[in-house]
Amino acid sequence: DSNELVPVINYLNEKKEEDSDRLEGVAEGKNVIAISMESTQTFVVDNTLHGEELTPYFNDMKEEGIYFDNFYHQVKQGRTSDSEFLLANSMYPLNRGAVFFTHSENEYQGLPNLLSDNGYFTNVMHANDKTFWNRNVMYDSLGYDDFFSKEDYEITPEKSFGWGYLDEYFFLDSLDKMKQMDKPFYSKLITLTNHYPFDLPEDKKLIEEGETNSGTLNRYFQTIRYQDEALKQLVEEFKQSNLYDNTILVIYGDHFGISENHQKAMGQYLDKEINDYEQFQLQRVPLLIYGKGIDAEKNHTVGGQVDLRPTLTNLLGIEDPNPVQFGHDLMDPERRQLMITRDGDFANEDYVGIQGVCYDRETGEEVEADACAEGFEKAQEELEMSDEVIYGDLLRYLDETQMLDEEATTEE
Ligand code: GP9
C-alpha cells in the first residue's frame, strides 16, 4: 500500500542536499535533443589509432560545451534500454533481465511525462523495430508522446548495413523531422551503427582497422570513427538550421561496446595491463552538454546516468515534483559524488570499490578495504531501495503519499 513508499521517500529526503542551483534555467524553454551514442566509451575520446583521431569531431566539439570525463554508464542486462530507464526515471535498472520487459506495465513518473506537463512534445527517434526492448509498450508507460521507429524512416538497402539504417541517414532524417515538430520538443535519438559486431560497408570505413588480437576491438575503432562522422554531419547541419538558437544537445554513451572478454586486446591498445580497476574505469562513457548559451567547461565530477534527469531539469529550470529519484544534479559543485553500479560496486571522489576491494580512484592503487566500507553499504542500500520501488510498483502510490505528507505538514 501507499505506506510502502514512505521509507523510500524519507531515505531520499534525508540524503538530499540543498541544491546549489548552479546554471539553473540556462536552457529554459529550449528544445532538447538527447543523443544516445551506441556502445560509446570514454577511452576513444582524444585517442588515436595509426596516428589518427578516433573521434575528431567530438574532440573539438566537447571543447565548446560542458564535458564530463568521470561519467559512467550504470546498465546491466537491459543495455541500451537500461540506460533509457536511468535517464527517464533517475532510478536503477534491475540486476537481472531488462526492466523494459519485466516492469513495463508499472506506473512511472518519467521525465517525458514531466516535460509534457511543462509544454514539451516528447519523443524518441530510433530506426529499429518498435518492439525491440519492448520499447513501444514501455515508452507509453514513461509518458512519451511519440516514437519514430523504423517504419517512420524511408530505409533503403543502399542506406543500410548490419543492424539497419546507417547513422548518417538516420541523423539527417531525424533533424528534418525535428524541424517540423511542435516546439519546444524533447527528442531522444538512439544511434545504431556502432553496435556489435561493428561491421561497416567498405566505403564507410574512414580509418584502417586496429591491430590487436581482437577482431571486435579492431572493427570497433572503425564504427566509432564512422559514428563521429555521422555526428559531424548532424551537428553541422543543426548549426545551420533555425533550431540552433533554441536547442541544447545532450550527448552521452549508453554503455560499453568492448566487454571484459577483450581485456588483452584493450591492454595492447592502451599499452597497460587491464586489471579490475582499469576495467572499472573503462565503464566511463562520454557526456557532453552543448548549445548556444552554454559556456564551455570541463567537469570532473564523479557521476552516472542516474544523474541525467536532475541535471537536465536544473538546466531547463523545471521544478520536478517526483521525490523518488536517486541521482544528483551534475552541475552542483557540492553534490554527493557517488556512482553506483548495478553490481554494487561504486566510485566516489576518492575511491573505487570493486567486489569488496578498495582502490584509490586517481592512482588505481589498492588501499585498505575500510576506506570503501561505507560506499559499499550505501550502494547496497540504494540498489535495494530502487528495486523495492520497481518490484512493488510503488510509484502508483506517489500522489497518495504526497497528499498524506502535505496533510501532515499542514497539521503540524
Ligand atoms: C537496439 C539498440 C541496441 O534497438 O538500441 O540495443 P543494445 O543491444 O545496445 O542494448
Side-chain angles (χ1 to χ4, degrees), residues 33-42 44 72-89 92-104 112 123-142 144 146-153 155 159-171 173-174 187-200 216-217 219-220 222-224 226-227 230-231 234 250-262 282-287 304-306 308 341-343:
I33 306 178
I35 309 179
S36 165
M37 304 284 269
E38 177 62 42
S39 303
T40 304
Q41 298 174 234
T42 297
V44 300
Y72 296 76
H73 81 75
Q74 294 170 297
V75 316
K76 196 87 191 251
Q77 292 172 340
R79 301 289 175 92
T80 306
S81 70
D82 279 354
S83 71
E84 296 187 65
F85 186 83
L86 280 146
L87 163 61
N89 299 306
Y92 298 97
L94 296 177
N95 199 31
R96 291 182 58 127
V99 60
F100 260 46
F101 276 112
T102 59
H103 293 82
S104 59
N123 61 91
V124 179
M125 306 185 136
H126 182 49
N128 199 1
D129 295 319
K130 61 175 182 238
T131 55
F132 201 96
W133 284 129
N134 203 28
R135 283 182 170 115
N136 54 333
V137 177
M138 188 57 158
Y139 284 171
D140 279 343
S141 302
L142 295 175
Y144 283 107
D146 214 343
F147 177 20
F148 300 90
S149 69
K150 195 175 181 174
E151 61 200 39
D152 300 294
Y153 291 83
I155 303 177
K159 293 180 176 174
S160 309
F161 200 79
W163 271 74
Y165 208 32
L166 285 159
D167 286 347
E168 59 184 304
Y169 308 113
F170 160 69
F171 272 151
D173 290 1
S174 299
S187 293
K188 189 170 65 178
L189 277 58
I190 306 174
T191 70
L192 196 55
T193 309
N194 186 42
H195 193 292
Y196 182 85
F198 311 116
D199 281 330
L200 272 182
T216 300
L217 177 60
R219 292 189 304 276
Y220 176 76
Q222 294 181 308
T223 47
I224 274 285
Y226 168 78
Q227 181 182 252
L231 179 72
L234 170 75
V250 180
I251 304 178
Y252 67 95
D254 62 355
H255 53 70
F256 65 85
I258 304 301
S259 76
E260 56 194 0
N261 299 334
H262 304 270
L282 281 169
Q283 303 316 305
R284 283 178 292 189
V285 294
L287 168 63
Q305 290 162 334
V306 79
L308 286 169
T341 77
R342 202 41 261 202
D343 296 323

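Atoms within a ligand are numbered from 1 in the order they appear, just like the ligands themselves. Here, residue 1 is the first one in the sequence, and each next residue gets the next number.
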Would you mind writing out a table of all protein N or O atoms found under 3.5 Å from any N or O atom of ligand 1, naming both atoms and giving the distance to 0.1 Å?
{"residue": "ligand 1", "atom": "4 (O)", "partner": "His126", "partner atom": "NE2", "Å": "2.6"}
{"residue": "ligand 1", "atom": "4 (O)", "partner": "Asn128", "partner atom": "ND2", "Å": "2.7"}
{"residue": "ligand 1", "atom": "4 (O)", "partner": "Arg135", "partner atom": "NH1", "Å": "2.7"}
{"residue": "ligand 1", "atom": "5 (O)", "partner": "His126", "partner atom": "NE2", "Å": "3.4"}
{"residue": "ligand 1", "atom": "5 (O)", "partner": "Arg135", "partner atom": "NH2", "Å": "2.8"}
{"residue": "ligand 1", "atom": "6 (O)", "partner": "Thr80", "partner atom": "OG1", "Å": "3.1"}
{"residue": "ligand 1", "atom": "6 (O)", "partner": "Trp133", "partner atom": "NE1", "Å": "3.3"}
{"residue": "ligand 1", "atom": "8 (O)", "partner": "His195", "partner atom": "NE2", "Å": "2.7"}
{"residue": "ligand 1", "atom": "9 (O)", "partner": "Glu38", "partner atom": "OE1", "Å": "3.2"}
{"residue": "ligand 1", "atom": "9 (O)", "partner": "Glu38", "partner atom": "OE2", "Å": "2.9"}
{"residue": "ligand 1", "atom": "9 (O)", "partner": "Thr80", "partner atom": "OG1", "Å": "2.7"}
{"residue": "ligand 1", "atom": "9 (O)", "partner": "His195", "partner atom": "NE2", "Å": "3.4"}
{"residue": "ligand 1", "atom": "9 (O)", "partner": "His255", "partner atom": "NE2", "Å": "2.9"}
{"residue": "ligand 1", "atom": "10 (O)", "partner": "Thr80", "partner atom": "N", "Å": "2.9"}
{"residue": "ligand 1", "atom": "10 (O)", "partner": "Thr80", "partner atom": "OG1", "Å": "3.0"}
{"residue": "ligand 1", "atom": "10 (O)", "partner": "Trp133", "partner atom": "NE1", "Å": "3.0"}

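Taking the six-membered ring where tryptophan is involved, the planes of His73 and Phe256 are tilted, since the angle between them lies from 30° to 60°.
Inspection of the Thr40 and Gln227 side chains reveals an N or O donor paired with an N or O acceptor under 3.5 Å.
Partners of Tyr165 under the side chain to side chain donor-acceptor pair (under 3.5 Å) rule, at least two apart in sequence or in another chain, are Asp173.
Heavy-atom contacts from other residues, nucleotides or ligands closer than 6.0 Å to OH of Tyr196 number 12 or fewer.
Using a cut-off of 4.0 Å between Lys/Arg side-chain N and Asp/Glu carboxylate O, Arg79 and Asp254 are scored as not salt-bridged.
Between Glu38 and His255, the closest side-chain pair of non-hydrogen atoms falls below 4.5 Å.
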